[in-house]
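Each chain gets a letter, A, B and so on, in the order its sequence line appears, and its residues count up from 1.
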Amino acid sequence: MSRAPMPYSQKILELFRNPKNLGRMDDATVSAVAGNPACGDMITFYLKVTEDEVIEKATFESYGCAANIATSSMLTEKVKGMKLEDAWKISWKNLVDEVGGLPTVKFHCGVLAIGALRRAIRAYYKDRQAAPEWLPGELTFEEKQALEEEELAKVLSKRMKTTEDGV
Amino acid sequence: MKAEGFNFMIGNIKELIKAHEGLKREVYLDVENGGIVAKEVLESMLPYFNQRGYGNPTLTHKPGWEAYETIVESAQKIVGFLGCKSIDEINFTPGETEANNLALLGSTLRMRGRKKKIIISEVEPLSVTYAAEMLKEYGFSLTKIPVDSEGFINLQKLEESVDRDTVLVSISTVNHEIGTIQPIKEAVSIVKSKNPEVIFHTDASDAYGKIPFNVKDLNVDLATISSHKILGPRGIGALYVKENVNVERILEGQIGTQRLWPGIENTPLIVGFAKASELTFQEFEANMSRMRRLRDKLIDGICERISEVKLNGPRGEKRAPDNVNISFLKCEGEALTIELSLNGVYVSSGSACTRRILQPSHVLVAIGRKYEEAHGSILMKVTRLHRDEDMDYVLEVIPKAVGRLRGITGSIEAG
Ligand code: FES
């Protein structure tokens, strides 16, 4: 069997039905976006960060599938009260495990959530023009993936506009 | 990955099903992707599994002769509804996909090696599109006729494209996703006047039993029809092949009553297909106009209740009586199908998120919908069994579902 009807876990269903920490945060310290509305999937992450670099509150908005909504919600819960350094270390795999697994085609939705979080953390330090030692200079896998997805969306939407006519 | 194990999947799916317990109403609107079988159809089929006609229709014993008699009589009914000459022109296949493959491959493959051109439209179902694309690997060239913003094919482009080299044109009578009723009669005459040799195939799965459709009147050479789209069982369809039009088998095996499709005939499904056809064509006009009314009730009701929506496909007479396809901006389609399901309304979406290849419906793209418009699209098909109360319920559920999901999208600017 090659195709399954998105066997979302109970956890995902629960978070999809009752997402936590939803909505724009007007007093956010920093926010970041991942994904591209032109391809649909898009997440915005808002963080409120204390003086000593602890995430006091995180919220999100998602224009994506149930997996996207659930992983984003899970991530906002998880990072609450965490130091930025520890939040940075959460990988997409941790996130996927925590929501009870995801179908392979939906991995990228979890990756996007991490991508958005890491971008927000980077933006935080960029605003302050102070990069801590633990913050890698190079983009991490999740950030690259987010970037790749955005690029891909651009390419695809361009390709789809040119009609495949003739031979 | 552990997420891919079947136990993981089944466990989760059981929970997903359980989450639907206690629904006060259920409305099935996904006939496009698999029909629900009408009660009388089911009853008509049952005896043929084990009481009569369960034998092989080509064999010399009573259950075989009964099967032969049944298959012939079922085919004769369909001959009447299609307006063709005889049952020799009907080939039962296991469904629309197989009939389309038979039409495309069976009418062209013998020409391979000689350079030949195939023409389809940009909005064909995947069984036509992929079969045509496969033919490119056999040396055929493929031209896709563009459509306008309502999905109507560009007849001028069609005329320009047909040449002496053209072997096959395949254009659906009614678009399966957006319900556009194509000017097939005109298209056939354009094609035939440029090159009478061209074989004209139409996938009429969404036309048969839904709009007046007569192969003789339209002058098509090949036509696909399907049972599940008219509340018959899935797993059965047919390809009409006009007398003297050359189509070859694409599968080999024991040839039974069906010249172009080997293997043992599925008598109960054929009976069900014929019964579903009968029921559909009984009071055809009354059924059609009721479906049209329910369709418009849904379309108008949604447009009145919800802002930022777009109807995909035409309005009115040129739209199939059963088709409702609407894009809800700022609302992702897969999430919407799940949210609706949890409320007992079953639909499908053209969103990229619902597809394995994560690309949106090619039909919506072809009519010029932007990604984010396709992203929030929902396809619904009403049937002759739906009632006003069903539509009232759907109109109660959809605005709430869209409202909740738009709340999650929040301030993200999408479209
Ligand atoms: S957001 Fe599109 S697949 Fe998850």
Mind listing the closest non-hydrogen atom pair of [X] and [Y] along with its distance?
X: Y63(A); Y: E332(B); answer: CE1-N, 3.9 Å
X: A335(B); Y: G64(A); answer: CB-O, 3.9 Å
X: I412(B); Y: E61(A); answer: CD1-O, 3.6 Å

With the side chain counted from C-beta on, respond yes when E15(B) and L13(A) share a heavy-atom pair under 4.5 Å apart, and no when they do not.
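The answer is no, as the side chains (C-beta and beyond) never meet within the 4.5 Å cut-off.
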
Scan residues 107-119 of chain A for pairs that pass salt bridge (charged side-chain N to carboxylate O under 4.0 Å, His left out), counting only residues two or more places apart or in two chains.
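Output for this query lists R118(A)-E142(A), R119(A)-E150(A).
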
Is [X] atom [atom1] crowded by more than 12 heavy atoms from other residues, nucleotides or ligands, each under 6.0 Å away?
X: I36(B); atom1: CD1; value: no
X: E150(B); atom1: CD; value: yes
X: K11(A); atom1: NZ; value: no
X: R24(A); atom1: CZ; value: no
X: Y138(B); atom1: OH; value: no

Taking atom [atom1] of [X] and atom [atom2] of [Y], what is their separation to the nearest 0.5 Å?
X: F60(A); Y: I408(B); atom1: CZ; atom2: CD1; answer: 6.0 Å
X: L405(B); Y: S62(A); atom1: CG; atom2: OG; answer: 9.5 Å
X: I13(B); Y: S9(A); atom1: CD1; atom2: OG; answer: 11.5 Å
X: R17(A); Y: I338(B); atom1: CZ; atom2: CD1; answer: 11.0 Å
X: I43(A); Y: T409(B); atom1: CD1; atom2: OG1; answer: 11.5 Å

Using side-chain contact (heavy atoms from CB on, under 4.5 Å), reason through D41(A) and H375(B) one step at a time and then give a plain yes or no.
CA-CA 9 Å; D41(A) 312 349; H375(B) 210 50; 3.3 Å; yes

Salt bridge (Lys or Arg N to Asp or Glu O under 4.0 Å) involving K57(A) - partner list, sequence neighbours excluded
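K57(A) satisfies salt bridge (Lys or Arg N to Asp or Glu O under 4.0 Å) with no residue once adjacent residues are dropped.
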
Residue E373(B) versus chain A: region with a heavy atom under 4.5 Å
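For E373(B), no heavy atom lies under 4.5 Å from chain A.
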
Check whether R404(B) gets within reach of chain A through its side chain, its backbone, both or neither, counting any heavy atom under 4.5 Å.
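For R404(B), side-chain heavy atoms alone lie under 4.5 Å from chain A.
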
As a quick check of understanding, evaluate side-chain contact (heavy atoms from CB on, under 4.5 Å) for K106(A) and E334(B), giving each step before the final call.
CA-CA 12 Å; K106(A) 295 289 177 181; E334(B) 189 210 81; 2.7 Å; yes

Which one, G407(B), G410(B), S411(B), leads in non-hydrogen pairs under 4.5 Å with chain A?
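Greatest number of close heavy-atom pairs with chain A: S411(B).
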
